[in-house]
Novice: 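My questions will all concern the structure given below.
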2 protein chains.
Amino acid sequence: MEQELQSVTLTSQALERLRQAILDGRFVAGQKLVERELCALTGASRSILREALVHLEAKGLIERQSYRGFTVALLDEEKIKEIFELRTILETQAAELFTQRATDEEITLLKSTFRKLEDCEQAFDLGEARQIKEHFYEILFDGCRNREIKNALSNVTDRIYFLRSQLMMDENRRSASLIEMKHLTNALATRDRWAARATSLEHLQAAEATILAQLATQRISQAA
Amino acid sequence: MEQELQSVTLTSQALERLRQAILDGRFVAGQKLVERELCALTGASRSILREALVHLEAKGLIERQSYRGFTVALLDEEKIKEIFELRTILETQAAELFTQRATDEEITLLKSTFRKLEDCEQAFDLGEARQIKEHFYEILFDGCRNREIKNALSNVTDRIYFLRSQLMMDENRRSASLIEMKHLTNALATRDRWAARATSLEHLQAAEATILAQLATQRISQAA
DNA sequence: ATTTAGTATTTTGTATACAAAATACTAAAT
DNA sequence: ATTTAGTATTTTGTATACAAAATACTAAAT
């Protein structure tokens, strides 16, 4: 009677793999996604692949032009500012909600996850650090007790996430980022509503400034 | 050389029609969407239809279970509260941004659109009133100068929009709603940042309360 | 050498066929 | 009469074939 194991379809697998490939920065921003090539790459048929492409288009991760196919979304300075404005609205609010709604267990978990992040950064284990950072934010967003906010935030972070792999953070920015997150963690752990908003905002503004600076540098080197 | 007229594909047409059908409340919440039936209804082939379905699923308007197809998303009280919490965050912010960024032309347009809305309400032209209300909000969201916020708001309003057609607003609520919007319009037109937030919040909370009350009534009548 | 017009190839859009799972149906067993 | 097991039908998942548009290529004209 029951069918607990929801059979994983090829479509859902292809979708997740394609999404991950884009987030990992395996395509250059603006790059054309040729269906035949993706089929060869993934072994999936066109119908499977197209469902994945249409899904990612609806989420805004890729773009589509009729009879010209899909391309990885290209972000200019204006778009990045818009995305960050939206992200800031949501993420500062998420931080505030966390202080009001997270369980004590979640706070403990958040603190221990941040300590792990510190260890990884000290050991220069950057790949691992990235994963832990994602986990940190997952705990934070779950603590809001609002899946809609979490989902909206995921959409918006996905769309700028792949920039990470294309522009490298330097040592200064990495240590500054860690300090900002330490302040955020403290504010969240003590359930300090306004400090949570403030530290979250600080971190977001610094991240945005870094990305915009990197983008300007890239543009100059491309023009040369 | 140029191909300005972007040829409208059958897929994009089917997507828009299906989306509109859902927003118009032509399917009951929770209803199964059988592909064959939709094909017969729209005259589209399955491949066309499926692209539209996958797109709408990615946007959260419909849901999917493997080998069991698509259903119109079913909203319980908790989900509605979550959606409204997100919408409130975005829409109050949008109102504030409008006061800072809208052009004088947009303010003039907003005011005249609100006057049209008043006329329709007085004439009991409800269908027309609904369209004008949508236009009012489009002007408001455009005035934010942030397409990301506008898009996120569209997604979130789409998901609760079809409730409108299933639960009828009574006369009291309609006139109260109009007064709230009058206050909002005044705040926006005078570029009063905090009043815009406050009146927007007031309107949203009243709308949420109405929907939740209606939902409770429906549940009782269904149980009987 | 560069442009241009025409043709060939590739790519996307669309329809359909087949496979696998879910559901509806039937008849036997209690 | 109700449950249960087995079978038929429907529905979704997946692969592929054909059509239409875009792109790449070729050769003629200036």
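Convention: sequence-line order gives letters A, B, ...; per-chain numbering from 1. Reckoned from all heavy atoms, side chains included, excluding hydrogens, waters and symmetry mates.
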Novice: If you define the side chain from C-beta out and look only at heavy atoms, does anything of Phe162(B) sit under 4.5 Å from Arg26(B)?
Specialist: no
Novice: Out of dT14(C), dG13(D), dT11(C), which has the shortest distance to the side chain of Thr9(B)?
Specialist: dT14(C)
Novice: Counting side-chain heavy atoms from C-beta on, which of dT12(C), dT23(C), dT11(D) comes nearest to Arg68(B)?
Specialist: dT23(C)
Novice: Cut-off 3.5 Å, side chains only: do Ser45(B) and Ser47(B) have a donor facing an acceptor?
Specialist: yes
Novice: Take the protein atom CG of Leu53(B) and the nucleotide atom P of dT12(D), then report the distance between them rounded to whole Å.
Specialist: 9 Å
Novice: Looking at every non-hydrogen atom in both residues, tell me the closest pair between Leu140(B) and Leu110(B) and how far apart they are.
Specialist: N-CD1, 4.0 Å
Novice: Using 0.5 Å steps for rounding, measure from the CG atom of Leu41(A) to the CG atom of Leu38(A).
Specialist: 6.5 Å
Novice: Just call it for Leu49(A): base, sugar-phosphate, or nothing, with non-hydrogen atoms closer than 4.0 Å on any strand.
Specialist: nothing
Novice: For dT14(C) and Thr11(B) - does any side-chain N or O of the residue sit under 4.0 Å from the phosphate oxygens OP1/OP2?
Specialist: yes
Novice: Do Ser112(B) and Arg115(B) have side chains that approach each other closer than 4.5 Å (heavy atoms only, starting at C-beta)?
Specialist: yes
Novice: Grab the CZ-P distance between Phe70(B) and dA22(C) for me, whole Å please.
Specialist: 16 Å
Novice: What is the separation between atom CZ on Arg36(A) and atom C1' on dG13(C), rounded to the nearest whole Å?
Specialist: 17 Å
Novice: Using heavy atoms to find the nearest nucleotide of DNA chain C for Gly69(A) and Ser47(A) separately, return the residue whose nucleotide is more 5′.
Specialist: Gly69(A)
Novice: Once you round it to whole Å, what is the distance between P of dT11(C) and CZ of Arg64(A)?
Specialist: 17 Å
Novice: Closer than 4.0 Å, any side-chain N/O of Arg50(A) to the OP1 or OP2 of dT14(C)?
Specialist: no
Novice: Could you pull out the closest heavy-atom pair between Phe98(B) and Ile139(B), with the gap in Å?
Specialist: CE1-O, 3.7 Å
Novice: Select base, sugar-phosphate, or nothing to describe what Arg46(A) touches, counting heavy atoms under 4.0 Å on all strands.
Specialist: base
Novice: What is the separation between atom CD on Gln65(B) and atom P on dT12(D), rounded to the nearest whole Å?
Specialist: 12 Å
Novice: Supply the atom-to-atom distance Lys59(B) NZ to Ile22(B) CD1, rounded to the nearest 0.5 angstrom.
Specialist: 12.5 Å
Novice: Which whole-number value in Å describes the distance from Glu35(A) CD to dG13(C) P?
Specialist: 7 Å
Novice: Measure the distance from CG on Leu10(A) to P on dA19(C) and round it to the nearest whole Å.
Specialist: 15 Å
Novice: Can you list the stems that DNA chain C is part of, where a stem is at least 3 pairs in a row, each Watson-Crick or G-U, with both distances below 3.5 Å?
Specialist: C:1-30 with D:1-30
Novice: Whole Å only: how far is the CD atom of Glu51(B) from the P atom of dG13(D)?
Specialist: 15 Å
Novice: State whether Lys32(A) places a side-chain N or O below 4.0 Å from either non-bridging phosphate oxygen (OP1 or OP2) of dT12(C).
Specialist: yes
Novice: If you pin Tyr67(A) and Val34(B) to their nearest nucleotides in DNA chain D, which one's is more 5'?
Specialist: Val34(B)
